Amino acid sequence: MAGAVGRLNLLKLTQNHVGSLTACAKPFGCASLGIEPTQQRRWESSAHLIKSLPKAKYGGRHTVTMLPGGGIGPELMSYVREVFRYAGVPVDFEEVPIDPSNDSNEDLEYAITSIRRNGAALKGNIETRSLSPNVISRNVAIRNELDLFVNVLHCTSFPGIQSRHSDVDIVVVRQNTEGEYAMMEHESVPGVVECLKVVTRANSDRVARFAFDYAKRHGRKKVTTIHKANIMKSSDGLFLAVCREVAKDYPDIQHDDMIIDNCCMQLVSNPHQFDVMVMPNLYGSIVSNVICGLIGGAGLLSGRNYGYEYAVFEPGTRNTGSAIAGKNIANPISMMNSAADLLHHLQLENHSVWLREAIDKTINVDKIHTPDLGGQATSMDVIKNIITFMQAKTKSSTFTERIEFRQASVI
Amino acid sequence: MAFFSRLILSSKLSSSRFHRLGENLASVGPRANQSLLSQSASYQQSTRNISSSSVEDEFFRSLPRAKYGGRHTVTLLPGLGIGPELSQSVKQLFRVKGVPIIFEEVTINPAAEGMEEMNNAITSIRRNGVCLKGNVETRSLNPAVISRNVTLRNTLDLFVSTYHCLSYPGVKARHQDVNVVIVRQNTDGEYAMKEHEAIPGVVECLKVMTKPNAERLARFAFEYAKARRRKKITTVHKANIMKVSDGMFLEVAREMAKQYPDVEHDDMIIDNCCMQLVSNPHQFDVILTTNLYGSIIVNLIAGLIQGQGLLSGQNYSEQYAVFETATRNTGTDIAGKNIANPIAFLSASADMLYFLKLQEHANRLRKAINQVINVDKIHTRDIRGEAATSDVFSKIYEYM
């Protein structure tokens, strides 16, 4: 794969790009627990972080899988299509609807195959309405099957939104496939249920390395590990020990750790003490939601799920929003941010930067806020504003212009 | 397996006892849920412990056992960090102010790996029935030695832990007028401390949830809500992912809700709950939850109202009661520097006095705390003040 990209391009990539961890050769489907013999060579140099080009690019247009999900998903996806159309983004969406009440996994399997083919996906929150415990959550199934082992949530405050804390800038790196989401439970004796939480050294290691690499590339100073090793000595203890080992390979980056209880308390009183946070699955979910609450709501941030070969972008807090579906009041910013992340991943830098600028202008300058942010606007107002901006930009600039890669504002 | 069978057989609380509880608590005064805005004496009486003595009196076996010559004996576990200094101060305070309590102090060496001292402590609590506790550290790195706090809770079957998170008007915080009660499972769940390394590099941790524990917890929560005239109970869970374990917990809570039509019941996923708590904590009334989530929620709310040095928690079993600070911090880095906030420990002592039916002394202590924090505003460093621990204590002495 590396031969397809010219030498100069490769150098540029290593200097500039921060995106996914697509590596050259990868054993297929390594979602199994702890058995990753080929991983050792992967971490020997940062060369593994060179992104290879996304897979499905025909005639200059990328194909991306779109999973609308339930609730507000479909309408947000339609907004994304609109924006992309007006901005002339060379992306085609392959939409795969998944029926929530259907117990069989056909749709899900088709979705996974589609993502394997396309390499990138944009996703809403998929509902799993089946009450049978044998049918596992479809979101979890997608993450496990595609081995999207890390979820990155970059939480920044929006100056135009009033919140109790301003200038928050925290990156949450969260293990995405194991931990409490192993979904292995059973009723051993009637009335007694056991739920397994699985923590493996291999998974913890690659998440920790991702976090430290990310910190290094983005000039971040500190990585904090969040755990509960005082109670779960072996499992969270393993995670913590692995993080500490990895920290030794990065002497420039400060590393400390904090228990989840204390972390929540600190986040709420003083979020500025945190820089990059790395943690197992469940705590990541809780911490992401706490930070989203601090910043101003669930409708703003986008989360990126990365695996070795695939990347899936979705709104940061995985809410379905069934209560506000179809009412034109959902906040489309989280999906817009995810779309911008997607564009960056596909190396469509121009469009990515313009979209981010559009979002910035809409929220901070024009202050077009939907009801969840305390405003009166509808979703369409927000989208129209973004489209206007994008249209103006695409008309005024040519595609051969070089856009300076603005690290801070884009990621 | 013995662990499980013990759990199933041990808790057969009859519902008749609960109904008796309900009747007796119907006489709870009208002040039980007063608003918190007034800083006068009625403030501190309004929602804190006005009827806790009657709640616990009926709910549990009649206590206390160790009452000789009119003086109660209470076990005191100072723990580590700021525990010892605060325990000594409280002991002194009670002695000087004539509170009829004898403290039986049991120190536990954190580095020791044996269970002897722990067993002494547990025997003492069994004898006395009531305990006031700091945070006991377990400095052993050996994973076979389980956390001593957890051992204590499991052995004494302290199945429920309640925290009444009430804002102090005199403390500046980003959220005001928060009034949330957390009822938290205290022995089950993630704190079962059963882990093993299945294959090298793969660790499995068992989270155990049992139906009897869930039932008695739910029943406690609803009885509590009914007695204190609370309107709503929110069950916090993660049943979308942990369908069987948290699903069972949720189902049990819903079943129990049907028996208490006056108390509204709904549920929320922990992620969403955290987000809602951060944006709008006033939508919650009573939160019913499992062990780990309860721990997170308590600390979150403590952060919101600057209450890490102010809130206290009560752990109950059917026969024993243990009172401690809500955030269970050892405070090693502020130990011995005279900057720790003693209010949490004092609040726990006041809870204990209410429990022992020493109303008068309890009221005096609460009034003093109220005066110091809300009126005189003598705040230690954690609530952004300048006072030292000893200043706070001397003022408490003055007011009691």
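Each chain gets a letter, A, B and so on, in the order the sequences are listed, and its residues count up from 1. Keep in mind it's a predicted model, so treat the numbers as computed, not measured.
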Greatest number of heavy atom pairs closer than 4.5 Å to chain A - which of C274(B), S295(B), C205(B): C205(B)
Non-hydrogen side-chain atoms of N272(B) and N289(A) separated by less than 4.5 Å: no
For chain A, the option from M209(B), Q276(B), K211(B), H196(B) that forms the most heavy-atom pairs under 4.5 Å: M209(B)
Which of C263(A), S269(A), S285(A) touches chain B most, by non-hydrogen pairs under 4.5 Å: S285(A)
Side chain to side chain, V208(B) and V193(A), heavy atoms closer than 4.5 Å: no
Pick from A239(B), S245(B), A302(B) with the largest number of heavy-atom pairs that fall under 4.5 Å of chain A: S245(B)
Minimum side-chain heavy-atom gap V290(A)-M275(B) below 4.5 Å: no
Test item: K197(A) and E204(B) side chains (from C-beta on) under 4.5 Å apart, heavy atoms: no
Side chains of V244(B) and H186(A) in contact at under 4.5 Å (non-hydrogen atoms): no
Any L206(B) side-chain heavy atom under 4.5 Å of L196(A) side chain: yes
Rounded distance [0.5 Å steps], CG in L267(A) versus CG in N299(B): 11.5 Å
Side chain / backbone / both / neither for Q306(B) at chain A, heavy atoms under 4.5 Å: side chain
Greater than 12 external heavy atoms within 6.0 Å of Q162(A)'s CD: no
E187(A) atom CD: more than 12 heavy-atom contacts under 6.0 Å: yes
Engaged part of L294(A) at the chain B interface, taking heavy atoms whose separation is under 4.5 Å: both
With sequence neighbours excluded, residues passing side-chain hydrogen bond (donor to acceptor under 3.5 Å, both in side chains) with Y163(B): S161(B), R184(B), R328(B)
Where V278(B) and G293(A) come nearest, the two heavy atoms and their spacing: CG1-C, 3.6 Å
Side chain, backbone, both or neither of I297(B) within contact of chain A (heavy atoms, under 4.5 Å): neither
Options V298(B), D246(B), I296(B), ranked by heavy-atom pairs under 4.5 Å with chain A, top entry: I296(B)
Pairwise distance CG(N291(B)) to CD1(I231(A)) - rounded to 0.5 angstrom: 8.0 Å
Toward chain B, the part of F239(A) with a non-hydrogen atom under 4.5 Å: neither
Side-chain touch L292(B)/L282(A), heavy atoms, less than 4.5 angstrom: yes
Over 12 non-hydrogen atoms of neighbours within 6.0 angstrom of CZ in R381(B): no
Among K207(B), Q308(B), M248(B), residue most engaged with chain A (heavy-atom pairs, under 4.5 Å): K207(B)
All pairs passing salt bridge (Lys or Arg N to Asp or Glu O under 4.0 Å) where residues 270-279 of chain B contributes a residue, at least two apart: K238(B)-D271(B)
